[in-house]
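First comes the structure, then the notes that go with it.
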2 protein chains.
Amino acid sequence: MHGRAPFPVSDFFDNWVIQVRKGVIELCILRTLATRERYGYELVKELSEAPGLGLTEGTLYPLLSRLRVSGLVQTRLEESSAGPARKYYSLTPEGRRTLKTMNAFLETLNRTTATLGGTP
Amino acid sequence: MHGRAPFPVSDFFDNWVIQVRKGVIELCILRTLATRERYGYELVKELSEAPGLGLTEGTLYPLLSRLRVSGLVQTRLEESSAGPARKYYSLTPEGRRTLKTMNAFLETLNRTTATLGGTP
DNA sequence: GCCAGCTACCTTGTGTCACACGGTATGCAC
DNA sequence: GTGCATACCGTGTGACACAAGGTAGCTGGC
């Protein structure tokens, strides 16, 4: 049995993956928006192919709403010549500030986990 | 001592931190147990001081139960000369296997997030 | 005209989980 | 015996990813 999926699966591992992604996905979206604005469907296309993320529309859109309510992103509607109007998302100044803090925290956390059982 | 995390707080950030920790905490426990067995209270003392983790008893004990039910850790009771009996937790073979898979996945995820908005 | 198919957005229901708070019990110092 | 540290565990709350489904605009074939 050499079924070579990227990662083997089990009950516990599947749930763990979901939990791990929870925080990372928000960070990925903010980082992606930090380079330039995007519209929702564009984000889905890009991030659904990122290894390990596995983003879907049902995850992204509620998340973007939360980010907007929290004041981290702002939106802008633009007519498209080929399809429905697109809603572009971009970072607010507070969004950029928060992103910096998140990056710092994650770095600390990574350093902590690395020194626990890995190679001190 | 009262080591307070050196990170500013906000509504969104606080929730995000909780989400990020969710997956990492399980990994930290498994990694810690990979070096040698520990009892619960010992784990709380050690991991509650790890920067960024902020582990408490209410988080740890249900988590250890879940790990035991999932077959990743096993327990052993031992009388203590100074206090109540201690329940020692150690990794099962399946626990070690799962830990390896988790490490591999997290490495992939870290590489993905690093290439998103960091340094293209 | 009309319908199939892509683009683009969003909602609802289900299940998982950290954390705060509280509870129980043992041993030791005074 | 009363306080304090040790050591274990459970419940309630709220947050959230994900699957599945829904709405609507535009284009091309006929």
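This one's a predicted model, so the numbers in the text were calculated from it and none came from an experiment. Convention: sequence-line order gives letters A, B, ...; per-chain numbering from 1.
Among the atoms of the strands shown, only primed sugar atoms or phosphate atoms (P, OP1, OP2) are found under 4.0 Å from some heavy atom of B:G40. Across all strands shown, A:P62 has heavy atoms under 4.0 Å from base atoms, whether or not it also approaches the sugar-phosphate. Base engagement by A:T59 is indicated by at least one non-hydrogen atom pair under 4.0 Å involving a base atom.
Between A:K45 and C:dA8 there is no side-chain N or O to OP1 or OP2 distance below 4.0 Å. Phosphate proximity of C:dT16 to B:R66: absent, as no side-chain N or O sits under 4.0 Å from OP1 or OP2. Between B:K22 and the phosphate of C:dC19, there is no side-chain N or O to OP1/OP2 separation shorter than 4.0 Å. Here B:R86 reaches the OP1 or OP2 of D:dA7: one of its side-chain N or O atoms lies under 4.0 Å away. For B:R21, a side-chain nitrogen or oxygen approaches OP1 or OP2 of C:dC19 to under 4.0 Å. OP1 or OP2 of C:dT11 has not a single side-chain nitrogen or oxygen of A:Y61 nearer than 4.0 Å.
Between A:L63 atom CG and C:dT12 atom P there is a gap of 17 Å when expressed in whole angstrom units. For the pair B:Y39 OH and D:dC9 P, the computed distance is 14 Å after rounding to whole Å. Rounded to an integer number of Å, the gap from B:E57 CD to D:dA5 P is 14 Å. Between the CD1 atom of B:I25 and the C1' atom of C:dC19 there is a distance of 9 Å, given to the nearest Å. Protein atom CG of B:N15 is 18 Å distant from nucleotide atom P of D:dT13, rounded to whole Å. Distance CD (A:E79) to C1' (D:dA24): 13 Å, rounded to an integer number of Å. Rounded to an integer number of Å, the gap from A:Y41 OH to D:dT23 P is 18 Å. If you take CG of A:L64 and C1' of C:dC10, they are 11 Å apart, rounded to a whole angstrom.
A salt bridge links B:E107 to B:R111: at least one charged side-chain nitrogen sits closer than 4.0 Å to a carboxylate oxygen. Residues B:R36 and B:E42 are paired through a salt bridge, judged by an N-O separation under 4.0 Å between the basic side chain and the carboxylate. Ion pairing between a basic and an acidic side chain is recognised when a charged N comes within 4.0 Å of a carboxylate O; B:R76 and B:E78 show such pairing. In this structure, B:R86 does not pair ionically with B:E79, as no charged nitrogen and carboxylate oxygen lie closer than 4.0 Å.
Comparing B:P84 and B:Y89 against DNA chain D, the residue whose closest nucleotide sits nearer the 5' end is B:P84. Two residues, A:L53 and A:A85, neighbour DNA chain D, and the one matched to the more 5' nucleotide by heavy-atom proximity is A:L53.
No side-chain heavy atom of B:I29 sits less than 4.5 Å from a side-chain heavy atom of B:V73. B:N110 places a side-chain heavy atom less than 4.5 Å from the side chain of B:L106.
When distances are taken from the side chain of B:S65 to each of C:dA18, D:dG10, C:dC10, the shortest belongs to D:dG10.
Judged by distance alone with a 3.5 Å cut-off, no donor-acceptor contact links the side chain of B:Q19 to the base of C:dC17.
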